[in-house]
Amino acid sequence: MPITVVFLGKLADLAGTPEKEVEAPLDWEGLLDELQGPLGDAAMADRTRVAVNGELLADKTALSAQDGDEVALLPPVSGG
Amino acid sequence: MPITVVFLGKLADLAGTPEKEVEAPLDWEGLLDELQGPLGDAAMADRTRVAVNGELLADKTALSAQDGDEVALLPPVSGG
Amino acid sequence: MARFVELLTEPFNPGQFVGPFTNAHPGLGGVCTFVGEVRCDAGVEALELIHYERMTLKGMQELADTAIARFDLMGLLVVHRTGVMRVGEPIVLVSAAAKHRREAIEAVDFAMDHLKSDSWFWKREKRADGWHWIEPRERDHSDLARWA
Amino acid sequence: MARFVELLTEPFNPGQFVGPFTNAHPGLGGVCTFVGEVRCDAGVEALELIHYERMTLKGMQELADTAIARFDLMGLLVVHRTGVMRVGEPIVLVSAAAKHRREAIEAVDFAMDHLKSDSWFWKREKRADGWHWIEPRERDHSDLARWA
């Protein structure tokens, strides 16, 4: 089973899709390899968080996703 | 026309009536003469205010009511 | 700007006031509403609010004007009961409409503090042994002091 | 204690939630309710809220639990829209029931600050030239810092 990468908010615009599938396993370097140009920059931005199966990673560079996992890229939420 | 003295809150209990009529004119000493015992004490309490025709007196001892005036004795309002 | 201030002698349904009030302010950002009811306190059978006709309503209107001027409101609704009330009956309703939420919430907080301890209402509770007047509370003074 | 947390994809009428919520808490002292609507801002034709199914609702439930624990509540209701909304449609409803008014008002203030800037929602506005993402605001951080 592949890994699903989910793009939230404006990252979906940058990715041109709300989600894509990638081969398992996936670490932080592997994820950045999948993300081109501004999307990669946005992923690296301090305020962009990463969650695996709905659980936030304290340190996104420690990403270690396996078969069937869902990896979400979460940009800063919008203001009120 | 007489002056109407209105007793609010627990002052009505102390007076035994929500209002009474007294002869005009009426000053602070005259008002105290009309109020017996605990009612007079309550009227003199710092936090009891006096209004004439709906307007609070800054200094209740400056009371000077005329024919037809309504004098209200207002104890502290209840809490929330 | 719309200011609605009412003193009622009969039970009321808050929704009947809040719905039309909200609809009267198209384009608002938010509406904050507080409804206070007669609380279920042990031994309390009823609550009575006494007011002084010629000063109580005028005081509420002045309070509403003050809140409108202080917070950037589109509208303010203040409804207050008087008379004898049973547990669960609404006593007071304050609703503030504003472009932004913080102004609406703060205006309600401000209006409630002043209605509770700086308006011409006197309350008494009916218990098994009769009616008892409610005195001012220290907490009310500290609540009011927040706005000084 | 009752905690109601809902994410809705269709328009809703706040009164349909607040009425039953209030009635579910007999003996309460007060209910504070905030309803946020799509504001009428010049040039804005529609607002879209995007959420992340598996995190957004869970985050709202955790926020509700935090508010209930922090303030002395009898109940808390949180309803939030997602999807595309027009001016005047309700986006969010928070209602807190408590024995005392200050707890109810503060719980709503707390919940709104956190829903607005610490929940998993992303917003964009539709203008004549298309959709524009809404960025975080400095004001949101200072609002949140009040509760730290």
Side-chain angles (χ1 to χ4, degrees), chain A residues 1-22 24 26 31 34-35 37-60 62-80, chain D residues 34-39 41 44 47-63 80-83 85 91-92 94 108-126 130-147:
Chain A
M1 267 199 312
I3 288 165
T4 304
V5 179
V6 179
F7 303 104
L8 277 308
K10 66 180 175 186
L11 301 188
D13 284 359
L14 294 176
T17 175
E19 57 184 62
K20 67 181 284 192
E21 300 201 334
V22 302
L26 186 71
L31 177 60
E34 299 282 342
L35 310 177
L39 183 58
D41 294 342
M44 282 187 286
D46 276 351
R47 298 190 58 199
T48 298
R49 309 290 301 272
V50 173
V52 177
N53 299 329
E55 297 292 334
L56 273 186
L57 298 182
D59 173 9
K60 64 189 173 191
L63 174 67
S64 171
Q66 310 301 324
D67 272 1
D69 281 350
E70 182 170 287
V71 174
L73 276 168
L74 310 150
V77 297
S78 303
Chain D
F34 179 83
V35 177
E37 299 185 355
V38 180
R39 195 164 45 227
D41 283 338
V44 177
L47 181 73
E48 182 174 14
L49 254 82
I50 287 91
H51 71 296
Y52 179 37
E53 187 74 36
R54 66 196 300 169
M55 288 179 70
T56 308
L57 186 61
K58 188 178 67 171
M60 288 166 62
Q61 289 165 341
E62 289 169 356
L63 167 59
H80 213 295
R81 266 297 302 280
T82 64
M85 289 161 279
I91 304 172
V92 58
V94 173
V108 167
D109 199 15
F110 175 90
M112 282 305 307
D113 277 355
H114 286 77
L115 280 170
K116 284 284 187 172
S117 53
D118 194 27
S119 294
W120 297 110
F121 291 106
W122 296 270
K123 291 180 208 168
R124 52 180 195 165
E125 288 175 348
K126 189 178 186 186
W131 288 97
H132 298 267
W133 290 101
I134 301 176
E135 300 293 329
R137 301 180 313 161
E138 197 46 53
R139 172 79 188 263
D140 295 316
H141 299 298
S142 60
D143 283 349
L144 264 192
R146 297 187 302 139
W147 308 103

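Chain A is the first sequence line, chain B the second, and so forth, proteins listed ahead of strands; every chain is numbered from 1.
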*Asks:* Does NZ belonging to D:Lys58 count more than 12 external heavy atoms closer than 6.0 Å?
*Replies:*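 Yes - once you tally the heavy atoms of other residues, nucleotides and ligands closer than 6.0 Å, there are more than 12.
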*Asks:* Of the backbone (N, CA, C, O) and the side chain (C-beta and beyond), which part of D:Arg124 lies under 4.5 Å from a heavy atom of chain A, both, or neither?
*Replies:*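 The answer is the side chain of D:Arg124.
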*Asks:* Could you give the distance from CG (A:Leu8) to OG1 (D:Thr56), rounded to the nearest 0.5 Å?
*Replies:*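 A:Leu8 atom CG to D:Thr56 atom OG1 measures 7.5 Å (nearest 0.5 Å).
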*Asks:* Looking at residues at least two apart in the chain, or sitting in another chain, which of them share a side chain to side chain donor-acceptor pair (under 3.5 Å) with A:Thr17?
*Replies:*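 Side chain to side chain donor-acceptor pair (under 3.5 Å) list for A:Thr17, sorted by chain: empty.
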*Asks:* Nearest 0.5 Å please: distance from the OG atom of A:Ser78 over to the CD1 atom of D:Ile50.
*Replies:*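 If we round to the nearest 0.5 Å, A:Ser78:OG and D:Ile50:CD1 are 8.0 Å apart.
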*Asks:* Calculate, to the nearest 0.5 Å, the distance between atoms CG and OH belonging to A:Leu74 and D:Tyr52 respectively.
*Replies:*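 Going from the CG atom of A:Leu74 to the OH atom of D:Tyr52 covers 7.0 Å.
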*Asks:* So what's closer than 4.5 Å to chain A heavy atoms on D:Phe121: side chain, backbone, both or neither?
*Replies:*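 Backbone only.
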*Asks:* Do other residues, nucleotides or ligands put more than 12 heavy atoms under 6.0 Å from the CD atom of D:Gln61?
*Replies:*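 Enclosed: over 12 neighbouring heavy atoms sit under 6.0 Å from CD of D:Gln61.
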*Asks:* State plainly whether the residues D:Arg54 and A:Glu55 are in salt-bridge range, i.e. N to O under 4.0 Å.
*Replies:*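 Not counted as a salt bridge, because no side-chain N and carboxylate O are separated by less than 4.0 Å.
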*Asks:* Tell me every residue that passes side chain to side chain donor-acceptor pair (under 3.5 Å) with D:Asp113, counting only those two or more places apart in sequence or in another chain.
*Replies:*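 Applying side chain to side chain donor-acceptor pair (under 3.5 Å) to D:Asp113 gives C:Arg101, D:Arg146, D:Trp147.
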*Asks:* With a 4.5 Å cut-off on side-chain heavy atoms, are D:Glu135 and A:Lys10 touching?
*Replies:*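 A:Lys10 vs D:Glu135: side chains touch.
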*Asks:* Walk me through it: do A:Asp13 and D:Trp133 pass the test side chain to side chain donor-acceptor pair (under 3.5 Å)?
*Replies:* CA-CA 10 Å; A:Asp13 284 359; D:Trp133 290 101; 2.7 Å; yes
*Asks:* Quick check: does any side chain N or O of D:Lys123 sit under 3.5 Å from a backbone N or O of A:Gly9, one acting as donor and the other as acceptor?
*Replies:*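 Looks like no, no N/O pair under 3.5 Å.
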*Asks:* Does D:Met55 reach the side chain of A:Leu56, with side-chain heavy atoms less than 4.5 Å apart?
*Replies:*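 Contact flag for D:Met55/A:Leu56 side chains = yes.
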*Asks:* Considering only heavy atoms, which portion of D:His51 lies under 4.5 Å from any heavy atom of chain A: side chain, backbone, both, or neither?
*Replies:*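 Backbone only.
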*Asks:* Can you confirm whether more than 12 heavy atoms, excluding those of A:Asp59, are under 6.0 Å from its CG atom?
*Replies:*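 Enclosed.
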*Asks:* Quick one: what part of D:Ile134 sits under 4.5 Å from any heavy atom of chain A, side chain, backbone, both or neither?
*Replies:*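 Both parts, backbone and side chain.
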*Asks:* Between D:Pro136 and A:Val77, what is the shortest heavy-atom contact and its length?
*Replies:*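 Result for this residue pair: CG-O, 3.3 Å.
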